[in-house]
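Values in this document were obtained by computation on a predicted structure and should not be read as measured data. Atoms within a ligand are numbered from 1 in the order they appear, just like the ligands themselves.
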Amino acid sequence: MSESEKPRRRPRIVLVAGARPNFMKIAPLLHEIERRGALDAFLVHTGQHYDAAMSDGFFRDLGIREPDANLEVGSASHAVQTAQVMMRIEPILIEQRPDAVLVVGDVNSTLAATVAAVKLGIPVAHVEAGLRSFDRSMPEEINRLLTDAVSTWLFVSEPSGERNLRAEGADPARIHFAGNVMIDTLLAQLERARALDTVERLGLTPGGYAVLTLHRPSNVDDPVRLGALFDVLEEIHARVPVVFPVHPRTAEAIGTQLGGRDLALRTTAPLGYLEFLRLLADARLVLTDSGGIQEETTVLGVPCLTLRQNTERPVTVEQGTNRIVGGDPHVIRSEAAKILDGEPRAGRVPDRWDGRAAARIVDVLERDLQEAR
Ligand code: UD1
């Protein structure tokens, strides 16, 4: 049979996930692509996150099937981790010859897969494009800028994404306001999460506790800043129990930077997706330096104080329940007190955070990839 007589295969798309916050973004996209069946999906796990609590548990909770390839890159410096993903994904891309590569978010795996793909002439779709903190000391900001600069499809989750991309000169025809895939997952899983007894098991009462997460290098790698943050967080804990699932980077910093300080907080190991969602949904207050949690609390209507100087997700402040409080203990103390004293915090759910973002994205990809044949 000559090449032209062979039945043409479906357009193939390689989906890349590497670190914890990627998994809830990849899940609805993979499910939507496989449910429709028009595209052939090949799933790559880079292995940037590898602990059971940071990876396998999420695959299970979110019903993500076994990856077709696991690059097992593990932890390393930025350059080494990024280079390892590039080196290990390149032969897979050459062998699979996909019509597109889909990346999500802003982690090192996102950037590495993008660079490897575009240099092989494979177009890249970036989901969660255009977010900008305008803080180039954040590794994620560098990953976002570079990934967007060379991606063919730019799927944005909020209006600021489109504004930022246009200001950088991106071709408007490449920008698609798809909505938020992470919220697709939240809405799909909320009922299952609410059925768990996580809150009761931890001896807490709904509406009677705070949740803390902390893992940004800018907070945890500086012992003075980290110590000062814990001082004020312990004060808050004296008023309302503060539950703190500790990220591995932070656990290490508490050991090395703070001499193994014994925190007066309710610490736990990292939690699975569903257990953590249950905790968030019933919290009185959330304190975090995560990106995604700012979005999740906005949809849940739970007050959120972001322990950073800026956010790349301004819609959570403009429309949602988020407030940027930085690292100043006075500000953190007084903003937490306002919430605990019952100050109302009205918010609304941003446009297109409606559970249909993955469907909008797959509509565009199916159309463009089928047309390109
Ligand atoms: C990465 C992302 C960050 C994201 C975060 C979510 C980059 C630049 N950063 O940061 O944007 O918000 O994931 O978690 O991509 N470790 C383990 N087990 C694991 C993974 C990591 O113990 O499964 C430890 C290792 O000591 C490692 C450290 O955590 O050195 C940091 O991991 P790394 O993937 O480099 O960055 P994160 O801080 O997790």
Salt bridge [X]-[Y], side-chain N to carboxylate O under 4.0 Å:
X      : Y      : answer
Arg194 : Glu191 : no
Arg249 : Glu252 : no
Arg10  : Glu366 : no
Glu72  : Arg88  : no

For [atom], what's the nearest protein heavy atom and its distance?
atom                    : answer
atom 27 (C) of ligand 1 : Ser75 OG, 3.2 Å
atom 18 (N) of ligand 1 : Asp51 OD2, 2.9 Å
atom 24 (C) of ligand 1 : Pro248 CB, 3.7 Å
atom 2 (C) of ligand 1  : Val107 CG1, 3.7 Å
atom 8 (C) of ligand 1  : Asn108 OD1, 3.3 Å
atom 19 (C) of ligand 1 : Tyr50 CZ, 3.5 Å
atom 6 (C) of ligand 1  : Pro21 CD, 3.5 Å
atom 13 (O) of ligand 1 : His49 CE1, 3.2 Å

Proximal atoms of ligand 1 relative to [X] (non-hydrogen, under 4.0 Å):
X      : result
His78  : 8 (C)
His215 : 4 (C), 5 (C), 6 (C), 12 (O)
Glu252 : 26 (O)
Gln48  : 1 (C), 7 (C), 15 (O), 34 (O)

Listed partners of Phe23 passing ring-ring contact (aromatic ring centres under 6.0 Å, His included), at least two apart =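 Residues passing ring-ring contact (aromatic ring centres under 6.0 Å, His included) with Phe23: His45, Phe59.
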Can you tell me if CZ on Arg136 sees more than 12 non-hydrogen neighbours from other groups inside 6.0 Å?
-> no
Judged by atom type as modelled, is there a donor-acceptor pair below 3.5 Å linking the side chain of Arg284 to the main-chain atoms of Leu340?
->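 Indeed, once roles are kept as given, a pair shorter than 3.5 Å links the two residues.
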Asp106 side chain to Arg144 backbone, donor-acceptor under 3.5 Å |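 Judged by distance alone, no pair lies under 3.5 Å.
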With sequence neighbours excluded, what pairs up with Gln309 under the side-chain contact (heavy atoms from CB on, under 4.5 Å) test?
->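 So Gln309 forms a side-chain contact (heavy atoms from CB on, under 4.5 Å) with Arg225.
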Which option out of His247, Arg249, Glu140 puts a heavy atom nearest to atom 14 (O) of ligand 1?
->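 Going through His247, Arg249, Glu140 one by one, His247 has the nearest heavy atom to atom 14 (O) of ligand 1.
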